[in-house]
Amino acid sequence: MTVPQSLVSRTTKLLNLRSTKTTGASTVTTNPWNAHLREMANQRQFVHALTLYRQMLRSGDSPDVFTFPFVLKSCAALSLPISGAQLHCHVIKTGCKHEPFVQSSLISMYARCSSVQYARKVFDENGESSNRTDCYNALISGYTFNSRFHDGFALFRKMREAGVSVNSVTMLGLVPLCTLPEHWCLGLCLHGCCVKFGLDTQSSVANCLLTMYVKCGAIDYALELFNAMSNKDLITWNAMISGYAQNGLATQVLDLYHKMKLSDVHPDPVTFVGVLSSCTYLGAQKFGTEVDRRIQSSGFSSNPFLCNALINMYARCGNLEKARSIFDHLREKSVVSWTAIIGGYGMHGHGEIAVQLFDEMVRTGIRPDKAAFVSVLSACSHAGLTDKGLDYFAAMEMNYGLQPEPMHYSCVVDLLGRAGRLMEAKELIESMQVKPDGPVWGALLGACKIHKNVQLAELAFEQVMELDPTNIGYYVLLSNIYCEAENLEGVLKVRAMMRKRKLKKDPGYSYVEYEGRVHLFLAGDRTHPQTEEIYRMMDDLENLVKELGGFYKNDRERRNEELMSGMGVHSEKLAIAFGLLNTRPGTEIVVIKNLRICENCHQFIKLVSKIVDRQFVVRDATRFHHFKNGTCSCKDYW
DNA sequence: ATAGGGTTAG
């Protein structure tokens, strides 16, 4: 085959290749450079490997069968198509093009750094000799790399029909093609294939299957596989930890991290990223600080992934000083770092700072992306910077060519809604290019609660029901709107709707982080080991609060809340009592809530803080996973 | 000796 001319003819010469002496095909030479090249490639020092290759040519030595795989791999890793094509010329000149390892390296190189079509060409022109497992494997993983689902499976079928034997590397190439939820049944079949071929004992294939399940959201299957694996290596642990983390199962992550520490496997930066993101999700700053110490002592402190994860963790947990200090010391601030710190200031009510930082980011030449706009838009809506937010929203598409997604719309609807500009918000939704999702109409519904607009609320609710009929939060919201409007009929209507759809309100829960553990309380919970003491403490507090004049703002509201949830004592009160029992006087007690704190508890906490002279901070955990869907199942976590 | 592969942040 000829090397694609379009690539070679480009003037850029990344490798300054001289013509080389042609040696006999596949002559086994003891090229002294090869050992060094292998070393470089194995250590992922790809630039060095290519430099070394250049030096080798300059010194007059010729590349051979053992040289090409390393340098081709380096080109693939660095995505250098022109150098890759030049190497292809060298392969032909040195007569190595029929060498098995060189063929599969070439296929892989083309698939990874120029075009999978060229990879296919090499494969086809190899003729009979490509009827080998290696070449099939290389091309299949090439299709996977380029997300070519149908081509990948078609080739696999061809491979089976041609009677070419399948090995574990075939599966490593094929399984990651099934990472979309709609393809996961096929992944399950592949799992069956692995068992049939006796490949499941290899931990790399199992890791690959594990990752596939995780990405499809089939956490149960992933866990089953994980538990069945007797030789869990670092990647096994990491796959499961990040799998939980990506599916919003934060407490399971912390549990698993704990178990990993007890095993012999040492965590690496990938592990810490998953653990930190779960601390962020839970608002578990103390746990996160522990992890931070471990990161420092493991020598990973300059890893950019970890720095960003740390900034995010501290910022979301409210420790803005610490987050800022890491951010300021960062050598290279990426758009991710900026987004994390902007989001942190935004969610803790420092909208002005968030906006300043966003502008500063743009001044330093960093191009904001969609996530950066989410953080600045939500900062604007929390701080009431309505016009500023609208400017950013306009700039997003006009100046940066970024098509807003439902997330951005829900921020802007919230922005307009909080400012009382309800009709504009409604019109914005109706003008959307993309289909609005539940949170977009939900934001309007929330705004209707603030501004007591029953009519618009009914309209927004109708829309939300089309999109997300099982989300209890919206029913509660509408019910409260009716309740405030003293529309008893409406309240009953919502309740009947919920009964008909067999929906029950998720229990409100609160948690307090204590001694590196998350202590979770559901409304009316009596499962905590200290339940007796907690309830005693709470009764005392309630009596004191009554003496100070604390009561429900309005009796109807209390009844409504109780009917909606069927609950007893509110979870935040339990959490407060637990905190008072276990923490030292003078320390702050941080309570995290999954649902908005109710008016009664708000007052309760205010009065308790006067009585006991302690500082309470109640933070809204819904902010932590505002844009994630998964529910937090912390229940089993002690 | 040599390919092919699995885990990371907002």
Side-chain angles (χ1 to χ4, degrees), chain A residues 26 28-31 34-39 41-42 63-73 76 96 99-109 111-112 132-142 144-145 167-176 179 202-212 214-215 233-243 245-246 267-277 280 300 303-313 315-316 323 327 333-344 346 368-376 627:
Chain A
S26 71
V28 178
T29 53
T30 45
N31 187 332
N34 287 349
H36 205 168
L37 268 171
R38 183 187 62 203
E39 190 68 21
N42 285 345
D64 63 21
V65 210
F66 298 130
T67 318
F68 287 120
F70 299 124
V71 273
L72 284 167
K73 186 180 178 175
C96 292
E99 294 296 335
F101 292 122
V102 177
Q103 280 179 353
S104 36
S105 302
L106 270 174
I107 292 170
S108 174
M109 181 279 291
R112 266 153 204 271
R132 274 189 333 266
T133 305
D134 311 335
C135 288
Y136 274 98
N137 288 351
L139 191 55
I140 286 175
S141 80
T144 300
F145 188 81
N167 64 15
S168 60
V169 179
T170 318
M171 290 304 164
L172 292 177
L174 211 50
V175 172
T179 49
Q202 303 214 18
S203 67
S204 57
V205 175
N207 287 339
C208 202
L209 287 164
L210 186 59
T211 307
M212 183 269 297
V214 155
K215 294 220 168 125
D233 62 8
L234 178 63
I235 291 183
T236 315
W237 286 99
N238 284 352
M240 199 65 221
I241 285 179
S242 15
Q246 282 159 21
D268 77 340
V270 178
T271 324
F272 289 127
V273 164
V275 176
L276 281 176
S277 91
T280 309
F300 298 135
N303 181 301
F305 276 82
L306 286 180
C307 289
N308 292 336
L310 281 169
I311 293 171
N312 198 37
M313 186 272 292
R316 298 249 186 156
F327 177 79
K333 299 177 177 61
S334 71
V335 65
V336 179
S337 332
W338 285 96
T339 304
I341 195 84
I342 290 168
D369 63 6
K370 288 185 176 185
F373 274 106
V374 169
S375 73
V376 77
F627 295 117

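Proteins get letters first, then strands, A, B, ... in listed order; numbering begins at 1 in each.
- Nucleic acid contact class of A:Asn167 (heavy atoms, under 4.0 Å, all strands): base.
- If you take CZ of A:Arg132 and C1' of B:dA3, they are 10 Å apart, rounded to a whole angstrom.
- Within the nucleic acid shown, A:Val175 has no heavy atom closer than 4.0 Å to any nucleic acid atom.
- Evaluation of A:Phe305 against the base of B:dT8 yields a stacking contact (centre distance < 5.5 Å, interplanar angle < 30°).
- A:Asp134 comes within 4.0 angstrom of a base, heavy atoms only.
- No donor-acceptor pair under 3.5 Å is formed between the side chain of A:Ser104 and the backbone N or O of A:Ala138.
- Whole-Å rounding puts the A:Gln103 CD to B:dG4 C1' distance at 14 Å.
- OP1 or OP2 of B:dG5 sits under 4.0 Å from a side-chain N or O of A:Ser141.
- Residue A:Lys73 places none of its side-chain N or O atoms closer than 4.0 Å to OP1 or OP2 of B:dT2.
- One can place CG of A:Leu139 at 12 Å from P of B:dG5, the figure rounded to the nearest angstrom.
- Annotation: side chain of A:Pro69 is in contact with side chain of A:Phe101 (closest heavy-atom distance under 4.5 Å).
- Atom CE in A:Met240 sits roughly 13 Å away from atom C1' in B:dT7 (whole-Å rounding).
- In this structure, A:Arg112 does not reach the B:dA3 phosphate: none of its side-chain N or O atoms is under 4.0 Å from OP1 or OP2.
- For A:Asn308, counting side-chain heavy atoms from C-beta on, the closest listed nucleotide (B:dG6, B:dA3, B:dA9) is B:dA9.
- Rounded to whole angstrom, the span from the CH2 atom of A:Trp338 across to the C1' atom of B:dA9 amounts to 17 Å.
- No donor-acceptor pair under 3.5 Å is formed between the side chain of A:Asn207 and the backbone N or O of A:Leu210.
- Distances were taken from every side-chain heavy atom of A:Cys208 (C-beta onward) to each of B:dT2, B:dG6, B:dA9; the shortest belongs to B:dG6.
- For A:Ser108, a side-chain nitrogen or oxygen approaches OP1 or OP2 of B:dG4 to under 4.0 Å.
- Across all strands, A:Lys333 comes closer than 4.0 Å to no nucleic acid atom at all (heavy-atom distances).
- A donor and an acceptor atom never sit less than 3.5 Å apart when one is taken from the side chain of A:Asn238 and the other from the base of B:dG6.
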Self-check item: Evaluation steps, side chain to side chain donor-acceptor pair (under 3.5 Å), between A:Ser277 and A:Thr280
Solution: CA-CA 5 Å; A:Ser277 91; A:Thr280 309; over 6 Å; no

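- When rounded to the nearest whole Å, the span between CD of A:Glu39 and P of B:dA1 equals 15 Å.
- Distance from the side chain of A:Pro69 is smallest for B:dT2 among the nucleotides B:dG6, B:dT2, B:dA9.
- Within 4.0 Å of A:Ala371, counting heavy atoms only, lies at least one base atom of the nucleic acid.
- Side-chain atoms of A:Ile107 and A:Cys135, non-hydrogen and from C-beta on, do get closer than 4.5 Å to each other.
- When rounded to the nearest whole Å, the span between CD1 of A:Ile140 and C1' of B:dG5 equals 12 Å.
- Within 4.0 Å (heavy atoms only), A:Phe272 reaches no atom of the nucleic acid at all.
- Of the candidates B:dT8, B:dT2, B:dG6, the closest approach to any side-chain atom of A:Thr211 belongs to B:dG6.
- An OP1 or OP2 oxygen of B:dT7 is reached within less than 4.0 angstrom by no side-chain nitrogen or oxygen of A:Gln246.
- The CG-C1' distance, from A:Asn312 to B:dT8, rounds to 14 Å in whole Å.
- Contact check for A:Pro63 versus A:Val71: no side-chain heavy atoms found under the 4.5 Å cut-off.
- The phosphate of B:dT8 (OP1 or OP2) has a side-chain N or O of A:Ser242 nearer than 4.0 angstrom.
- Of the listed nucleotides (B:dT8, B:dA1, B:dG4), B:dG4 has the atom at the smallest distance from the side chain of A:Val169.
- Among the heavy atoms of the strands, none lies under 4.0 Å from A:Asn42.
- Of the possible donor and acceptor atoms, one in the side chain of A:Ser375 sits under 3.5 Å from a partner among the backbone N and O of A:Ala372.
- Relative to the side chain of A:Ala239, the nucleotides B:dG4, B:dT2, B:dT7 differ in distance, and B:dT7 lies closest.
- Candidate nucleotides B:dG5, B:dA3, B:dA9 were compared by shortest atom distance to the side chain of A:Ser204, and B:dG5 ranks first.
- Residue A:Thr339 places a side-chain atom within donor-acceptor reach of the base of B:dG10, judged by atom type and a 3.5 Å distance cut-off alone.
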